[in-house]
There are 2 protein chains.
Amino acid sequence: MIKLNGNTYQFSAEIFFEMFDDRLKLMIIWYLSNGSMRFKELSKYLQPITNKTLSSKLKQLEELHLIEREVFAEVPPRVEYTLSPHGQQLKPVIDEVVAWSQHYAKTFGQTINEE
Amino acid sequence: MIKLNGNTYQFSAEIFFEMFDDRLKLMIIWYLSNGSMRFKELSKYLQPITNKTLSSKLKQLEELHLIEREVFAEVPPRVEYTLSPHGQQLKPVIDEVVAWSQHYAKTFGQTINEE
DNA sequence: CTGTATCCAACTCGATACTG
DNA sequence: CAGTATCGAGTTGGATACAG
């Protein structure tokens, strides 16, 4: 049995399932797995998404120690989001997700142009 | 670009993210990755969950071709759920999820007894 | 045992407007 | 640019009751 924050888990995997029980957080990790990105850039890729939602999700990921936030003292302001070490360790998960999805798409989907 | 059912996706991974944007479907896959289970058995592990919700999720997973449903003509009725071939191909994803979670739990959680 | 039918609380997330 | 504030629609999923 595992205690984490206030919660208890029978199996450690339940931590992951609870962590990524929404539509956006793992997608954000996926986008950041190719390098750091700015707020606006992420917003563009996750469209439609509101500033409020994106801001909230990024804050959650930071509290989970999966991403890091760096503020540059510029005008206009620049903020970069990067995977933390624990976030980077999700890369094998992401890789398997991508591999599985490509295979699934090959079976059930139709490819228009290239990916 | 990929067309699947009615939707279009830029990247195949988006299929996965949309497929598992809820709290339960990937957890069910995880439970079934150790072998087939009955309705009641799944319900017990996923507590608290209602029959309606579980039934709905299992139907969705079947429509996605990830699990298979087998009915035995017995009294009382017995229904077994098993991963389909495409569901079994999610095993590497699950394995990486488990590995990552154990590492994460070791860093941030406290283990009471054994897992 | 394996569901289905209603009802509803809670949550997620988008639309819009505004701030430093 | 990078947020925050308010509002509200839609969805998820639990509680309860009932059926084959």
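Below, all heavy atoms of this structure are taken into account, side chains as well, without hydrogens, waters or symmetry copies. First the proteins, then the strands, lettered A, B, ... as listed; each starts at 1. In this text the structure is predicted, and so the values were computed from the model without any measurement.
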Next item on the list: Quick one: label A/Lys57 by what it contacts on the DNA or RNA (base, sugar-phosphate, nothing), any heavy atom closer than 4.0 Å.
Entry: sugar-phosphate

Next item on the list: Identify whether any heavy atom of A/Leu54 sits under 4.0 Å from a base atom; if not, whether one sits that close to sugar-phosphate; answer base, sugar-phosphate or nothing.
Entry: nothing

Next item on the list: Would you mind checking if A/Asp22 and A/Lys57 are paired as a salt bridge, meaning a charged N to carboxylate O distance below 4.0 Å?
Entry: yes

Measure from the side-chain N and O atoms of [X] to the backbone N and O of [Y], and report whether any donor-acceptor pair falls under 3.5 Å.
{"X": "B/Glu62", "Y": "B/Lys59", "value": "no"}
{"X": "A/Ser84", "Y": "A/His65", "value": "yes"}
{"X": "A/Lys3", "Y": "B/Thr111", "value": "no"}
{"X": "B/Ser36", "Y": "B/Leu32", "value": "no"}

Whole-Å distance separating the [atom1] atom of [X] from the [atom2] atom of [N]:
{"X": "B/Met27", "N": "D/dG13", "atom1": "CE", "atom2": "P", "answer": "12 Å"}
{"X": "B/Ile67", "N": "C/dT2", "atom1": "CD1", "atom2": "P", "answer": "13 Å"}
{"X": "A/Asp22", "N": "D/dT12", "atom1": "CG", "atom2": "P", "answer": "13 Å"}
{"X": "B/Glu62", "N": "C/dG3", "atom1": "CD", "atom2": "C1'", "answer": "13 Å"}
{"X": "B/Phe20", "N": "C/dT12", "atom1": "CZ", "atom2": "C1'", "answer": "20 Å"}
{"X": "B/Met37", "N": "C/dG3", "atom1": "CE", "atom2": "P", "answer": "14 Å"}
{"X": "B/Gln60", "N": "D/dT12", "atom1": "CD", "atom2": "P", "answer": "7 Å"}
{"X": "A/Ile28", "N": "C/dT12", "atom1": "CD1", "atom2": "P", "answer": "14 Å"}

Checklist line | Test side chain to side chain donor-acceptor pair (under 3.5 Å) applied to B/Thr53 and B/Thr50, step by step | finding: CA-CA 5 Å; B/Thr53 299; B/Thr50 61; 3.0 Å; yes

Checklist line | Distance test, side-chain N/O of B/Thr50 to OP1/OP2 of D/dG13, below 4.0 Å | finding: no

Next item on the list: Would you indicate, yes or no, if C/dA10 has its OP1 or OP2 atom less than 4.0 angstrom from a side-chain nitrogen or oxygen of B/Arg23?
Entry: no

Return the polar atom pairs (N/O with N/O) between nucleotides 1-4 of chain D and the protein under 3.5 Å, or none.
residue, atom, partner, partner atom, Å
D/dC1, OP1, A/Lys40, NZ, 2.7
D/dC1, OP2, A/Lys40, NZ, 3.0
D/dC1, O3', A/Arg38, NH2, 3.0
D/dC1, O3', A/Pro77, O, 3.1
D/dA2, OP1, A/Arg38, NE, 3.0
D/dA2, OP1, A/Arg38, NH2, 3.3
D/dA2, OP1, A/Val79, N, 3.2
D/dA2, OP2, A/Lys40, N, 2.9
D/dG3, OP1, A/Arg69, NH2, 2.6
D/dG3, OP2, A/Tyr81, OH, 2.5
D/dG3, N7, A/Asn51, ND2, 2.5
D/dG3, O6, A/Asn51, ND2, 3.3
D/dT4, OP1, A/Lys59, NZ, 3.0
D/dT4, OP2, A/Ser55, OG, 2.5

Note to self: Are B/Phe108 and A/His86 an aromatic pair, judged by ring center distance below 6.0 Å?
What the structure shows: yes

